[in-house]
Amino acid sequence: MTTTRFAPSPTGRLHVGNIRTALHNWMLAKKSGGKFVLRIDDTDAARSKEEYVDAIRADLVWLGIEADSEERQSQRLDRYDAAFEKLKQAGRVYPAYETAQELELKRKVQLGRGLPPIYDRGALELKEEERAAKEAEGIAPHWRFKLDHDEALAWDDGVRGASKFDPKLLSDPVIRRADGSWLYMLPSTVDDIEMGITHVLRGEDHVSNTAVQIQMFTAMGAAAPEFAHEALLVGKEGKLSKRLGSLGCDAFRERGIEPEALIATLARLGTSLPVEPISDRSALLSTFHLSTFGRAPAKFDDAELDRINTAIVHAMPFEAVRHRLPEGMDQAGWRAVQPNIGTIGEVADWWRLVTGPIDRIEFGAEDRTYLAQAAAMLAWSDDPWHCLTNALKDATGRKGKALFLPLRQALTGMDHGPDMGELLPLIGEAEVRARLQRAAYSG
Ligand code: GLU
């Protein structure tokens with residue numbers, strides 16, 4: 001069974017980039033009836049906050065990306081200790097004592113000589129007594145994972161194809177700090193093994209982590225999962241933008257974006273498939289294939305999202321929105337305003353044209369006479385608008401704008417808006433007549 005995971009660190013709110021990662025992992029699992037795990041990466045006790053954990057959960061609920069199970073790294077520290085001890089026994093982790101300043105200096109020297117800034121494994125050279133001396137001085141070590149320089153770091157990436165790193169060109173990663181706290185690398189690998197993760201799909205900023213983690217899987221006697229790295233999300237102008245990094249569900253919701261619109265947009269962004277207003281998730285799932293993902297950065301365009309949102313709103317059945325509509329608005333009301341809105345929030349503005357009060361428009365003498373005539377000729381039927389305008393056309397010889405616009409203005413206070421044929425029955429006979437008379441006689 002396919003099992004995927006989404007592993008946010010609760011040090012902030014989800015942004016559009018990690019929403020996309022969550023969605024794609026959910027899709028990858030659900031496409032084949034698999035499991036999607038939410039893993040809260042909260043080993044960084046100082047920066048992780050409970051309010052962000054709650055916000056992440058709430059955002060996923062709003063998006064309809066629900067996890068089959070939830071795991072928390074902070075509750076699994078004993079598992080990481082156990083793995084660490086085993087790796088230590090096997091000689092795959094080693095203590096290092098350099099300070100941050102010493103490491104920085106080494107880097108500068110290497111760069112100055114035109115060499116790649118790879119950790120020189122100085123700590124491995126230390127003799128037993130040198131180590132003891134450091135500890136006697138009260139210097140606690142941090143711990144590095146020892147890469148095997150003879151074990152190839154290669155995998156067939158679901159998006160990037162055959163991928164390869166030379167282990168000699170990578171630094172042995174620090175996996176544990178001197179205070180015993182964990183860096184991301186080892187806990188994530190332990191979790192992927194113990195949670196039966198079959199596919200790791202994440203951003204391409206993790207490619208070099210994957211290379212290292214592949215050796216960690218092997219060192220722990222486990223088979224590595226399938227890996228896929230998607231190209232990063234960039235702004236329309238093609239750059240990594242600060243704005244995208246803080247653009248989250250709240251902002252989308254406030255802008256009137258439906259979760260279905262965000263899902264439809266992000267599902268296919270960066271793939272060879274067209275972004276379309278598809279609100280049926282099974283239709284999105286059936287076309288989801290990693291092979292359609294491109295390697296070029298995926299461009300996030302607000303205007304495209306708005307377009308998809310409008311199309312999705314225009315196709316929404318009354319039953320799906322009725323609880324969000326103004327009181328008293330029925331199916332006919334929804335049908336009348338639906339083509340005019342881009343977001344559900346805009347419904348209220350148009351609905352006011354039915355319930356009133358409407359804006360007053362001042363008409364010239366000729367139009368007043370015309371509107372008085374309209375009030376007098378108004379006859380109610382199944383289709384009062386067409387009866388009225390046909391009758392007025394015959395009686396006055398007006399046509400086009402001269403025929404329609406004064407009526408629309410008198411009846412709605414606006415120059416444009418929903419179809420008048422749909423609005424009139426909603427406004428009702430008495431109010432229609434009253435609005436025509438008011439426009440013709442008062443003011
Ligand atoms: N917590 C890590 C992150 O947010 C998870 C990366 C991963 O998917 O392995 O970057």
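What you see is a predicted model, and the numbers here were worked out from it, not measured in a lab.
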> So which pairs with a foot in residues 265-302 pass ring-ring contact (aromatic ring centres under 6.0 Å, His included), sequence neighbours left out?
Replying inline: His24-Phe288, His24-Phe293, Phe288-Phe293
>> I'd like to know if the side chain of Asp191 pairs up with that of Gln73 as donor and acceptor (distance under 3.5 Å, no hydrogens or angles considered).
In response: yes
>> Tell me whether the rings of Phe6 and Phe36 are parallel (<30°), tilted (30 to 60°) or perpendicular (>60°).
In response: parallel
>> As a quick check of understanding, evaluate side-chain contact (heavy atoms from CB on, under 4.5 Å) for Val16 and Phe252, giving each step before the final call.
In response: CA-CA 10 Å; Val16 58; Phe252 289 122; 4.2 Å; yes
> In Å and rounded to the nearest 0.5 Å, what is the CG to CD1 distance from Asp302 to Ile257?
Replying inline: 8.0 Å
> Can you name the residues that form a side chain to side chain donor-acceptor pair (under 3.5 Å) with Arg352, not counting sequence neighbours?
Replying inline: none
>> Would you say CG of Asp382 has more than 12 non-hydrogen atoms from neighbouring residues, nucleotides or ligands within 6.0 angstrom?
In response: no
> Quick one: CH2 on Trp334 to CZ on Arg324, what's the gap to the nearest 0.5 Å?
Replying inline: 8.0 Å
Can you list, pair by pair, the side-chain donor-acceptor contacts under 3.5 Å of residues 161-168, counting residues two or more places apart and other chains?
| from | atom 1 | to | atom 2 | distance (Å) |
| --- | --- | --- | --- | --- |
| Ser163 | OG | Gly161 | O | 2.9 |
| Asp166 | OD1 | Lys168 | N | 3.0 |

> Do Asp44 and Ser9 have side-chain heavy atoms sitting under 4.5 Å apart?
Replying inline: no
> Can you list the residues that meet the ring pair (Phe, Tyr, Trp, His ring centres under 6.0 Å) rule with His416, with sequence neighbours excluded?
Replying inline: Trp350
> Who passes side-chain contact (heavy atoms from CB on, under 4.5 Å) against Val174, sequence neighbours left out?
Replying inline: His142, Arg144, Leu183
> Can you tell me how far the OG atom of Ser208 sits from the CG atom of Leu153, to the nearest 0.5 Å?
Replying inline: 10.5 Å
> To the nearest 0.5 Å, what is the distance between CG (Asn25) and OG1 (Thr3)?
Replying inline: 11.0 Å
>> Quick check for you: to the nearest 0.5 Å, what is the distance between Arg5 atom CZ and Leu201 atom CG?
In response: 9.0 Å
>> Less than 4.0 angstrom from a charged side-chain N to a carboxylate O is my criterion; do Asp192 and Arg39 meet it?
In response: yes
>> Please tell me whether Thr292 and Arg268 have a donor and an acceptor in their side chains that are separated by less than 3.5 angstrom.
In response: no
> side-chain contact (heavy atoms from CB on, under 4.5 Å) between Asp59 and Ile65: does it pass, once the steps are laid out?
Replying inline: CA-CA 9 Å; Asp59 285 347; Ile65 307 179; over 6 Å; no
> Can a salt bridge be assigned to the pair Lys88 and Glu85 using a cut-off of 4.0 Å between side-chain N and carboxylate O?
Replying inline: yes
> Looking at side-chain heavy atoms only, is the closest gap between His15 and Leu244 below 4.5 Å?
Replying inline: no
> Partners of Arg121 by side chain to side chain donor-acceptor pair (under 3.5 Å), sequence neighbours excluded?
Replying inline: His149, Asp172
> What is the distance from atom OG1 of Thr218 to atom CD of Gln215, rounded to the nearest 0.5 Å?
Replying inline: 6.5 Å
>> So, applying side-chain hydrogen bond (donor to acceptor under 3.5 Å, both in side chains) with Asp81, which one of Lys86, Arg76, Arg176 is it?
In response: Arg176
>> What verdict does the side-chain contact (heavy atoms from CB on, under 4.5 Å) test give for Glu431 and Leu426, after you've listed the backbone C-alpha separation in whole Å, the side-chain angles of each residue and the deciding distance to 0.1 Å?
In response: CA-CA 10 Å; Glu431 178 65 12; Leu426 296 166; over 6 Å; no
>> Has Arg435 got a side-chain atom pairing as donor or acceptor with Ile358's backbone, closer than 3.5 angstrom?
In response: no
> Can you check salt bridge (Lys or Arg N to Asp or Glu O under 4.0 Å) on Arg107 and Glu104, steps first, answer last?
Replying inline: CA-CA 5 Å; Arg107 263 172 51 84; Glu104 188 49 34; 3.5 Å; yes
>> Pair Glu50, Arg72 - check salt bridge (Lys or Arg N to Asp or Glu O under 4.0 Å), show working.
In response: CA-CA 12 Å; Glu50 210 48 37; Arg72 290 188 74 142; 3.0 Å; yes
>> side-chain contact (heavy atoms from CB on, under 4.5 Å), that's the test. Do Trp182 and Leu77 meet it? Break it down for me.
In response: CA-CA 9 Å; Trp182 295 102; Leu77 301 178; 3.9 Å; yes
> Can you find a heavy atom in the side chain of Leu38 that is under 4.5 Å from one in the side chain of Pro8?
Replying inline: yes
> Looking only at side chains, do Arg177 and Ser181 share a donor and an acceptor under 3.5 Å apart?
Replying inline: yes
